[in-house]
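As structure tokens, the structure follows; a few thoughts come after it.
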Amino acid sequence: MAEEKKLFKVKIDNITVEVEPGTTILNAARNIGGEVVPPAMCYYSKLQGSGGKCRTCLVKVTKGSEADPRPMPKLVASCRTTVMDGMEVANITSPEVLEARKGVVEFLLINHPLDCPVCDQAGECDLQDLSYEHGVSGTRYEFKRRTFEKEDIGENIKLHMTRCILCYRCVFTADQLTEKRQHGILKRGDASEISTYMRASLDHTNFIGNVIDVCPVGALTDRTARFKNRVWFLKPVDAHRECSDPKCCGKTVLWMRGDEIFRVTARKDKYGEVEGFICDTCRFEKKEVKDWIVEGPRKISRHSVITAGHYVGVHKPQETVAKVMDGRQPKLLMDIHSVSEVNMPQVDLSQIDGPAHSTDFPKNKGVQ
Amino acid sequence: MGRKLLLDKAHIEGIRYYDVYRKNGGYAAAEKALKSMSPDQVTEEVKKSGMRGRGGAGFPTGLKWSFLAKPEGVPRYLVCNADESEPGTFKDRYLMEFLPHLLIEGLLISSFALGANTTYIYIRGEYAWIPDILEEAIAEAHKNGWLGKNIQGSGFDLNIYVQRGAGAYICGEETALIESLEGKRGTPRIKPPFPAVKGLYQCPTVVNNVETLAAIVPIINIGGDEYAKIGIGKSAGTKLISACGNLNKPGVYEIEMNISVEEFIYSDEYCGGIPNGKRLKACIPGGSSVPIVPANLLLTTAKGEKRMMTYESLNDGGFATGTMMGSGGFIVLDEDQCVVRHTLSLARFYHHESCGQCSPCREGTGWMEKVLKNIEHGKGKMSDIDLLWDIQRKIEGNTICPLGDAAAWPVAAAIRHFRDEFEWHVLHPDEAQRRNFGLAHYADPLPVAAAV
């Protein structure tokens with residue numbers, strides 16, 4: 001008979017959960033789920049050694065263990081602190097934790113541009129969610145923020161360092177997924193920046209695209225998809241293909257509008273972490289529906305605007321005008337799409353550096 | 001006259017060299033340890049001595065050694081932390097420069113006790129000339145059979161290597177030091193695991209300060225019990241204090257930990273008082289990272305007793321009235337000094353030295369410096385003082401390593417004890433702007449007419 005594994009009993013915000021020894025407080029909280037799960041900006045369960053840096057997951061250990069019930073003197077990073085039997089943790093029930101978290105959000109935002117309206121990550125940005133839940137509406141920071149030039153680090157990846165919160169996730173990803181890491185942290189303190197040595201390219205390996213998926217903010221974006229569409233306008237569908245790369249899980253989410261695939265990403269769980277890493281070929285090159293076996297609509301369970309308005313179980317309202325007119329369609333006096341000078345198919349949006357403006361459409365020049 | 005255990009031979013000419021050091025009783029402790037004691041007995045002596053680590057944290061050394069994991073087939077390392085970068089602290093430099101063999105002897109005994117056959121001295125990059133002195137001494141020790149294989153026939157092998165740091169304050173933090181020694185960026189590791197379990201190259205490692213390791217020699221020479229009799233209570237033995245600032249006789253002093261702060265500042269045996277008969281305003285008694293204390297609280301404790309140069313007495317009453325022994329960097333300010341300016345100077349240092357790994361320290365230290373700079377230059381608002389207070393509170397205790405605390409405490413203590421000075425800067429912007437001495441290069445360009 002197999003020996004029964006001893007489980008540790010942990011109480012988080014007065015909810016008891018039993019977990020295996022070696023589990024971190026964060027993962028124990030994830031076992032409970034819901035609001036007691038501390039946020040995490042740098043921890044990534046799929047990456048070894050990640051976590052502990054952003055300090056958003058700080059919690060208060062009010063009782064160390066059954067054997068040593070003393071509380072821990074300082075707040076601890078829940079993603080790197082393992083549980084002990086009988087441990088008691090306060091997360092959202094501790095004003096001290098909430099205050100510290102508010103402080104961390106403020107620190108993270110003082111150098112962040114808050115350009116959500118034009119950021120490609122808007123809608124699926126961890127920092128946006130974190131700020132919404134723990135931040136305050138105003139800032140006390142009155143100094144010039146640090147800014148960086150945007151950098152094309154390779155054919156498919158854009159680095160916008162100004163938005164980076166230095167979570168190191170992309171560095172860990174490149175370290176652990178690719179054969180040779182070409183980028184890392186340069187300089188130190190608040191002058192630190194993610195960059196490549198001598199502005200090298202990150203195209204040397206077939207897995208580097210995963211740095212885009214692990215980036216919690218809009219610092220690393222997909223050059224083949226950025227600014228093509230807002231994420232909440234796209235319909236995510238689960239799809240897979242037989243990928244020839246054995247390391248690629250081949251299971252992806254296609255972000256579509258109509259039959260057009262705007263971008264391909266790995267599938268993420270409710271904590272925003274990928275379920276399996278995908279190769280660059282699947283991510284950047286397979287943008288035709290025929291390349292994929294579509295499984296069906298993806299259920300997005302994250303608390304994000306992506307969930308707004310679509311996906312599973314959506315009931316579309318009946319067409320009111322058609323109904324009152326006994327099934328007849330209204331006679332349009334003008335079809336805006338046919339007369340608009342803005343919707344010009346010959347203008348390739350992906351060729352425009354940055355968001356498109358009316359000045360990018362030649363016929364409109366001078367009309368402004 | 002206080003008893004001297006570390007610097008008792010420092011005055012001897014040529015003590016830097018092996019022959020002179022040996023002739024004056026050098027390596028006697030190593031001989032005693034290697035030939036008549038077991039490693040456990042050496043550790044026991046250190047425990048009995050009650051010596052606390054001299055790097056700043058003050059953790060009992062013998063206890064730290066006993067935490068070292070001893071798995072079979074895995075090497076153990078001893079690392080000497082010579083990355084002395086704290087403003088105001090320069091005692092280790094003195095030991096390494098003038099008594100390198102004392103350190104090597106201490107390293108030999110400690111390595112023997114810990115079962116470490118490889119030991120590293122990780123030295124601050126800016127101490128550019130000292131590695132040469134150490135390497136010369138190491139070569140002499142090798143030549144005379146105190147290093148290398150089968151030392152003095154004891155069967156114990158030891159090699160000591162000197163590694164120069166690249167000049168980062170954070171590399172004085174033990175895990176950042178280990179990372180740097182491994183050839184990586186010097187960023188602190190998250191503990192646990194502690195170095196005693198997984199340190200250098202994932203092997204059990206002890207990291208000790210230069211002074212701590214040098215003090216092992218007198219402990220073995222006179223015995224742990226005898227050493228414990230020096231000092232008061234849990235502050236056993238002698239301590240090197242690097243005194244600087246407005247003092248008649250700044251320098252490195254070895255004190256028995258049983259003298260008062262007042263005696264240390266004013267007696268002729270030590271600092272000889274404050275120049276030009278000026279009054280004492282404040283003091284940072286343990287290196288720049290510990291809280292500043294105003295004169296009235298520096299000389300007496302919360303209970304109204306005389307404050308002593310001991311770990312307990314300096315820490316008496318917590319942050320409200322006390323401070324810390326820290327690394328022993330004793331910085332004295334006379335009545336003419338501006339606390340706001342000094343605090344800005346410290347904030348600038350910690351901002352510059354933050355490794356940037358964790359958010360509160362990376363962003364908060366820079367923010368504090370900017371706000372302080374505004375206040376110091378007469379551009380601050382009254383609400384900036386409260387803002388500063390709030391920023392330091394959100395950094396303290398929330399960072400990976402103690403650098404965040406080191407950056408926050410001086411600011412907190414300065415506001416707590418000298419809030420009126422901060423307010424003066426806000427209320428008298430013109431006068432504050434005219435005080436453009438010393439840090440002119442650092443100030444924003446001022447109109448020529450406004451500069452004095």
Side-chain angles (χ1 to χ4, degrees), chain A residues 24 41-43 49-60 72-77 79-82 96-97 99-112 127 130 139-146 164-168 171 175 184-194, chain B residues 166-171 175-176 184-193 348-371 373-374 379-381 383-384 386-388 390-405 407-408:
Chain A
T24 58
M41 298 297 292
C42 66
Y43 173 76
S50 68
K53 295 176 173 61
C54 70
R55 318 305 282 176
T56 54
C57 69
L58 290 174
V59 291
K60 188 171 179 62
M72 289 190 184
K74 290 179 179 179
L75 301 183
V76 297
C79 64
R80 292 296 290 262
T81 311
T82 48
E96 196 186 335
V97 169
E99 191 59 24
R101 210 167 276 163
K102 207 162 109 184
V104 172
V105 173
E106 190 173 24
F107 286 136
L108 287 174
L109 290 180
I110 63 172
N111 271 316
H112 190 82
L127 186 59
L130 185 77
T139 179
R140 299 181 291 173
Y141 192 74
E142 295 174 340
F143 304 95
K144 200 179 164 191
R145 286 157 163 80
R146 59 175 196 169
C164 179
I165 58 159
L166 292 160
C167 70
Y168 289 63
V171 181
D175 242 351
I185 312 271
L186 306 183
K187 304 178 191 161
R188 71 179 183 198
D190 57 3
S192 308
E193 59 174 297
I194 294 276
Chain B
Y169 171 69
I170 190 59
C171 290
T175 56
K184 295 181 244 168
R185 267 174 81 87
T187 50
R189 292 178 184 172
I190 291 154
K191 293 189 265 191
R348 182 187 176 209
F349 172 79
Y350 289 107
H351 172 210
H352 184 257
E353 294 298 339
S354 166
C355 79
Q357 198 185 191
C358 60
S359 343
C361 179
R362 182 181 65 233
E363 310 292 352
T365 51
W367 194 2
M368 282 200 303
E369 189 207 339
K370 286 170 192 161
V371 176
K373 191 175 162 188
N374 269 356
K379 294 171 189 167
K381 302 186 288 286
S383 61
D384 283 346
D386 297 325
L387 174 64
L388 257 184
D390 203 44
I391 300 171
Q392 67 79 21
R393 214 162 48 88
K394 282 177 172 156
I395 299 173
E396 192 213 331
N398 293 340
T399 51
I400 294 174
C401 78
L403 194 140
D405 299 345

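Sequence lines set the chain letters: A, B, ... in the order given, protein chains first and strands last, and positions in each chain run from 1.
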- Chi angles and distances behind the side chain to side chain contact (heavy atoms under 4.5 Å, CB included) call for A:F107, B:I395: CA-CA 9 Å; A:F107 286 136; B:I395 299 173; 3.8 Å; yes

- Message: Could you go through B:K381 and A:E142, starting from their C-alpha distance and side-chain angles, then the distance that decides it, and tell me whether this counts as side chain to side chain contact (heavy atoms under 4.5 Å, CB included)?
- Response: CA-CA 12 Å; B:K381 302 186 288 286; A:E142 295 174 340; 2.9 Å; yes

[Y] backbone acceptor or donor facing [X] side chain under 3.5 Å:
X	Y	answer
B:S359	A:C54	yes
B:R185	A:K187	yes
B:R362	A:R188	no
A:R55	B:T399	yes

- For chain B, which of A:S192, A:G51, A:G52 has the most heavy-atom pairs under 4.5 Å? A:G52

- When you look at NZ of A:K144, are more than 12 heavy atoms from neighbouring residues, nucleotides or ligands closer to it than 6.0 Å?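 Counting neighbours around NZ of A:K144, 12 or fewer heavy atoms of other residues, nucleotides or ligands fall under 6.0 Å, so no.
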
- Sort out for me which of B:G366, B:C355, B:A168 touches chain A most, counting heavy-atom pairs under 4.5 Å.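 Answer, by heavy-atom pair count under 4.5 Å with chain A: B:C355.
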
- Message: Heavy-atom pairs under 4.5 Å with chain A - which of B:I391, B:I170, B:D390, B:T187 has more of them than the others?
- Response: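 Looking at each option in turn, the highest pair count goes to B:D390.
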
Go through the atoms of [X] and report whether side chain, backbone, both or neither lie under 4.5 Å from a heavy atom of chain B.
X	answer
A:I110	side chain
A:L58	side chain
A:Y168	side chain

- Going from CG on A:D190 to SG on B:C361, what distance comes out if it is rounded to the nearest 0.5 angstrom?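 Going from the CG atom of A:D190 to the SG atom of B:C361 covers 9.5 Å.
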
- Message: Any non-hydrogen side-chain atom of A:K53 less than 4.5 Å from a side-chain atom of B:I400?
- Response: yes

- Message: Looking at B:K394 and A:E99, is there a salt bridge between them, counting it only when a charged N and a carboxylate O are closer than 4.0 Å?
- Response: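 Salt bridge flag = yes for B:K394 with A:E99.
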
- Could you tell me whether A:R140 and B:D384 have a side-chain N and a carboxylate O separated by less than 4.0 Å?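 Result for this pair is no, no salt bridge flagged.
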
- After noting the C-alpha distance and the side-chain angles of B:K373 and A:F143, does the key distance pass the side chain to side chain contact (heavy atoms under 4.5 Å, CB included) rule? CA-CA 12 Å; B:K373 191 175 162 188; A:F143 304 95; over 6 Å; no

- Working for side chain to side chain contact (heavy atoms under 4.5 Å, CB included), residues A:L108 and B:E363: CA-CA 7 Å; A:L108 287 174; B:E363 310 292 352; 5.7 Å; no

